[in-house]
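The structure appears right after this line, and notes come after that.
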Amino acid sequence: MKFDELRLSKPLLDAVHASGYETPTPIQERVIPLVLKRKDVLACAQTGTGKTAAFALPILQRLAGDVAPSRKNGNRNRPRQNHARRIRSLILAPTRELAQQISDSFSTYGRNTNLKHTAVFGGVNKNPQTRTLRGGVDILVATPGRLLDHISDGTIALDTVEILVLDEADRMLDMGFLPDIRRILKHVPKSRQTLFLSATMPTPIRELANDILSSPVSVEVARVSSPAESVEHWAYHVEKASKRSLLSNLLNHIAYSRALVFTRTKHGADKVVRHLMRGKISAAAIHGNKSQNARTRALENFKSGKVGVLVATDIAARGLDVDGVSHVINFDLTDEPETYIHRIGRTGRAGASGVAMSFISSEEHDHLRGIQKLLGTKMQLASDIPGYKAPTEPVVIQGDERRSGGGGKGKSRRSNAAPKQAPYFPKKKGTRRPPKPGRNRSGAKKRTVQSATQ
Ligand code: AMP
């Protein structure tokens with residue numbers, strides 16, 4: 001199917017083509033016509049499927065084509081807002097980064113329309129948001145907490161919302177936002193169109209969906225448990241104390257364009273970053289204890305290629321859309337199999353290939369079992385490879401033997417020095433290599449990471 005068959009208006013099609021998209025993704029094919037027909041939608045879709053455009057494009061089309069409704073009853077207490085523009089679509093997202101990303105998508109897809117949008121989220125000064133809101137917006141993307149602040153300040157009224165979107169609803173639940181969402185819903189008209197997106201559908205999420213959707217059409221584009229098909233899964237047995245050494249060693253020997261590393265704790269993320277920086281591998285951390293400015297800077301630098309490694313906790317990394325993440329590394333394995341799916345959803349996006357590597361200490365074996373069950377396949381264990389020896393002691397890597405990171409897009413680390421320890425990543429005949437980064441790597445013959453064939 002082509003985008004042109006989706007009955008989108010010319011300004012939107014032009015924006016889509018300018019983004020380089022040729023064909024709609026499966027969720028776009030299914031959801032766009034439903035939204036245009038004003039149906040409520042319950043979509044079970046993982047990130048990386050193109051779900052943002054699936055709701056943003058038809059919302060833009062609907063709002064650009066429709067005349068804003070006049071309010072039936074004048075309300076003197078209504079917040080001071082530009083009367084020409086009222087919030088007609090509200091998109092709720094769990095994290096600041098996701099809210100910003102969705103807002104960026106509206107900028108991209110709505111560039112040829114006159115619709116105005118903005119994002120409001122916590123952790124930054126409220127005043128600039130208030131000023132933008134007073135100027136009037138048609139589409140508002142918000143995280144629940146800051147939205148409620150603005151509502152109680154009287155800077156936002158939601159009584160003209162026609163289309164409500166809940167994105168990543170399961171993560172909202174995990175983050176304890178369900179009471180906030182129920183409070184927000186009281187401010188939104190009952191008669192509206194609602195789009196509900198979630199990667200997984202645990203019972204409380206189904207219950208919420210039942211409460212707020214009216215005769216929804218269910219759309220499921222991939223099994224809840226199915227990871228991006230283009231991702232290879234690798235597991236490394238390594239004791240906790242050796243994980244940091246294994247990580248820096250790996251990063252010095254694999255060709256990665258961008259690597260996203262997940263740790264269990266914020267403190268752990270900082271420790272990993274310090275370790276990598278000591279080894280001259282450019283890295284930044286993103287987690288809830290960082291100021292919003294630091295989070296934004298870390299993400300920007302990762303996106304631009306200034307830092308090659310982003311170390312994140314699950315909450316902060318949720319929903320991040322960064323092109324060209326070649327490797328997701330589970331420094332700490334999650335005990336929630338579905339979180340594994342979310343993590344690896346950062347790579348292999350929109351059809352690109354990717355590699356997921358998991359460091360598994362003896363305490364994490366049970367987690368591995370759960371993940372493999374959900375994946376429906378066994379991860380390739382690095383220790384199963386003939387010749388692989390799990391590290392028993394930290395590997396010393398001399399800083400002057402390696403170039404520092406911090407290069408541009410597609411930069412990979414290289415080492416002119418052989419690893420001090422017997423091969424971590426022995427060569428295995430007949431296996432595929434991880435994807436090549438954007439740039440050549442002169443130490444290529446040293447790269448001996450195995451690739452699972454599944
Ligand atoms: P999302 O699931 O919305 O986070 O989107 C994942 C990525 O897919 C984003 O980088 C989008 O820019 C990209 N994308 C969305 N729709 C398409 C499409 N039809 N063709 C190619 N890439 C797309």
Side-chain angles (χ1 to χ4, degrees), residues 1-8 12-33 35 41 43-61 91-111 117 119 139 141 165-172 195-200 219-224 226-231 257-258 260 299-300 302-305 310 312 316-326 328 341-354 409:
M1 186 185 241
K2 292 253 176 262
F3 269 107
D4 308 37
E5 295 167 56
L6 285 173
R7 310 181 71 159
L8 290 169
L12 294 178
L13 282 177
D14 288 347
V16 163
H17 293 312
S19 302
Y21 304 165
E22 282 169 14
T23 49
T25 62
I27 192 170
Q28 291 163 0
E29 236 181 86
R30 303 268 323 268
V31 168
I32 292 174
V35 181
V41 176
C44 188
Q46 30 179 146
T47 52
T49 53
K51 65 187 172 69
T52 314
F55 64 76
L57 285 167
I59 287 176
L60 287 161
Q61 168 128 337
I91 293 97
L92 290 174
T95 64
R96 306 158 189 178
E97 282 79 11
L98 184 59
Q100 186 58 55
Q101 215 164 265
I102 295 170
S103 179
D104 293 345
S105 294
F106 274 104
S107 305
T108 305
Y109 307 134
R111 67 174 97 170
H117 67 274
I139 298 159
V141 187
V165 181
L166 258 83
D167 196 13
E168 308 233 345
D170 51 352
R171 184 53 45 164
M172 304 249 210
L195 316 176
F196 191 105
L197 295 100
S198 192
T200 57
V219 173
E220 195 172 336
V221 288
R223 270 193 315 125
V224 172
S226 61
E229 280 170 10
S230 44
V231 177
S257 51
R258 287 187 187 84
L260 186 52
L299 191 57
E300 285 306 313
F302 187 57
K303 282 184 173 172
S304 71
L310 189 66
R318 176 74 189 195
L320 291 186
D321 175 33
V322 183
D323 284 339
V325 173
S326 57
V328 168
I341 307 291
H342 293 310
R343 287 180 176 186
I344 63 142
R346 315 298 100 222
T347 186
R349 290 171 85 78
S353 60
K409 189 176 172 177

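Each residue takes its place number in the sequence, starting with 1. We count ligands from 1, going down the list as the structure has it; atoms in each ligand are counted the same way. Quick caveat: nothing in here was measured; it's all calculated off a predicted structure. Every heavy atom of this structure was used, including side-chain atoms; hydrogens, water molecules and symmetry mates were not.
Proximity to Thr52 (heavy-atom distance under 4.0 Å) selects the following atoms of ligand 1: 1 (P), 3 (O), 4 (O). Less than 4.0 angstrom separates some heavy atom of Phe3 from each of these atoms of ligand 1: 19 (N).
Although no hydrogens or angles enter the test, the distance criterion places a donor-acceptor pair under 3.5 Å between the side chain of Gln61 and the main chain of Arg7.
On a distance-only criterion, Ala53 and ligand 1 share no N/O pair closer than 3.5 Å. Considering backbone and side-chain atoms alike, Thr23 places an N or O below 3.5 Å from some N or O of ligand 1.
Using a 4.0 Å cut-off between charged nitrogen and carboxylate oxygen, Lys51 and Asp167 count as a salt-bridge pair.
Glu97 is listed as a side-chain neighbour of Leu299, based on a closest heavy-atom distance under 4.5 Å.
Shown here is Arg111, whose CZ atom has more than 12 heavy atoms of other residues, nucleotides or ligands within 6.0 Å.
Selection from Gln28, Gln101, Lys51 by nearest heavy atom to atom 15 (C) of ligand 1 gives Gln28. Of the options Gly50, Pro24, Ser105, the smallest heavy-atom separation from atom 1 (P) of ligand 1 is shown by Gly50.
A search for side-chain hydrogen bond (donor to acceptor under 3.5 Å, both in side chains) contacts involving Ser107 returns His117, not counting sequence neighbours.
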